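Atoms considered below: every heavy atom in the structure, side chains included; atoms not considered: hydrogens, waters and symmetry mates. Everything numeric in this text was worked out from a predicted model, so none of it was measured.
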Amino acid sequence: MQNGNTPEIDWEAVYWELLPRLFNFFRYRTGDDQTAQDLTSTTMMRAWRSRERYNSEIGKFQAWVFSIARHVAVDHFRKSRPTVPLDAVYDLASDFSVEQEVQKQRDFARLYAKLTQLPEREQELIALKYGAGMTNREVAATTGLTESNVGTLLHRTIKKLRAEWELSYE
């Protein structure tokens with residue numbers, strides 16, 4: 001049942017389009033593939049169950065689904081703090097040496113640790129931008145911030161992460 005302001009949604013197309021982006025968003029937020037899969041599934045189920053509430057006049061469908069994802073992430077973090085098993089941090093590629101792979105895992109774990117030290121809002125912006133692959137405009141539509149504010153916050157956050165990264169090597 002669709003209201004007058006809601007177009008008919010092709011849920012199979014939506015699922016295949018948003019699935020990798022949702023998964024990456026949650027992977028950036030949790031650092032764990034299994035948890036990311038579970039939260040992605042929860043998000044899609046919640047979107048399906050509340051599909052009558054979507055109103056195209058309020059915003060784009062993707063922003064609506066990612067708003068649901070943000071709430072799913074908040075609920076998850078209220079329940080427990082994430083843990084990152086080192087062997088699940090990064091999928092190993094066979095064409096690299098063991099030393100390179102160990103360094104990649106360390107770098108990923110180090111980056112994830114630095115990300116978890118950021119304020120919640122900055123973690124979420126990084127996850128939406130780089131995990132979900134959203135543009136600043138899409139992040140703005142999802143979070144309710146202005147596009148300019150998103151760009152500024154992301155720039156400052158990346159600058160801060162780079163500075164901390166360099167400091168930790170000294």
Side-chain angles (χ1 to χ4, degrees), residues 6 9 11 14-56 58-91 105-147 149-162 164-165 168:
T6 304
I9 303 295
W11 282 92
V14 165
Y15 178 84
W16 291 113
E17 178 187 342
L18 293 181
L19 184 72
R21 295 176 77 190
L22 285 167
F23 174 80
N24 284 332
F25 167 75
F26 286 121
R27 186 165 187 239
Y28 265 66
R29 294 303 316 274
T30 66
D32 179 64
D33 286 354
Q34 184 60 49
T35 303
Q37 288 174 356
D38 292 346
L39 297 177
T40 299
S41 175
T42 299
T43 299
M44 291 305 287
M45 286 178 46
R46 284 189 186 176
W48 172 257
R49 287 184 186 141
S50 53
R51 64 191 178 274
E52 289 86 20
R53 294 186 199 157
Y54 170 65
N55 184 337
S56 61
I58 294 174
K60 292 190 176 196
F61 185 75
Q62 173 184 286
W64 179 74
V65 172
F66 272 95
S67 294
I68 294 170
R70 292 173 64 214
H71 290 287
V72 168
V74 167
D75 291 346
H76 169 74
F77 288 123
R78 275 192 197 129
K79 293 177 187 173
S80 66
R81 290 300 308 159
T83 58
V84 181
L86 191 56
D87 61 346
V89 170
Y90 192 82
D91 293 327
Q105 287 180 356
R106 285 183 183 149
D107 286 348
F108 187 86
R110 192 168 142 232
L111 178 59
Y112 181 72
K114 292 198 178 304
L115 288 171
T116 61
Q117 300 304 310
L118 293 172
E120 184 73 23
R121 179 172 74 168
E122 292 174 4
Q123 288 182 42
E124 187 173 73
L125 291 175
I126 292 287
L128 289 168
K129 175 71 175 182
Y130 300 104
M134 291 183 163
T135 65
N136 288 2
R137 180 171 286 151
E138 292 169 331
V139 172
T142 301
T143 61
L145 298 170
T146 66
E147 187 176 348
N149 197 3
V150 167
T152 300
L153 289 169
L154 284 168
H155 175 75
R156 288 179 184 162
T157 302
I158 297 300
K159 188 175 178 179
K160 180 170 51 173
L161 283 171
R162 282 185 181 140
E164 290 176 13
W165 188 271
S168 65

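- Judged by distance alone, with hydrogens and angles left aside, the side-chain atoms of Arg51 form a donor-acceptor pair with the main-chain N or O of Trp48 at under 3.5 Å.
- The backbone N or O of Asn24 lies less than 3.5 Å from no partner atom in the side chain of Tyr130, so there is not a single donor-acceptor pair.
- When Lys60, Glu147, Arg21 are each tested for a side chain to side chain contact (heavy atoms under 4.5 Å, CB included) with Glu138, only one passes: Arg21.
- Side chain of Arg70 to backbone of Thr142: a donor-acceptor contact under 3.5 angstrom is found.
- Both the sub-6.0 Å distance and the 45° axial angle are not jointly satisfied by Arg162 relative to the ring of Trp165.
- Note: Phe25 CZ to Thr43 OG1 = 8.0 Å, rounded to the nearest 0.5 Å.
- Taking CD of Gln117 as the reference point, atom CG of Leu161 lies at 11.0 Å (rounded to 0.5 Å).
- For the pair Tyr54 (side chain) and Phe61 (backbone), a donor-acceptor distance under 3.5 Å is present.
- A distance of 9.5 Å separates CZ of Phe23 from OG1 of Thr35, quoted to the nearest 0.5 Å.
- For the residue pair Gln37/Asp33, the side-chain donor-acceptor check at 3.5 Å is not satisfied.
- Residue Lys114 qualifies as enclosed at atom NZ: its count of foreign heavy atoms under 6.0 Å is above 12.
- Remark: the backbone N or O of Leu118 is paired with a side-chain donor or acceptor of Gln123 at under 3.5 angstrom.
- Here Glu164 contributes atom CD and Arg110 contributes atom CZ; the two are 10.5 Å apart, rounded to the nearest 0.5 Å.
- One finds the CD atom of Gln62 at 10.0 Å from the OG atom of Ser67 (value rounded to the nearest 0.5 Å).
- Side-chain atoms of Leu18 and Thr40, non-hydrogen and from C-beta on, never get closer than 4.5 Å to each other.
- Rounding to the nearest 0.5 Å gives a distance of 10.5 Å between CG of Leu39 and CG of Leu22.
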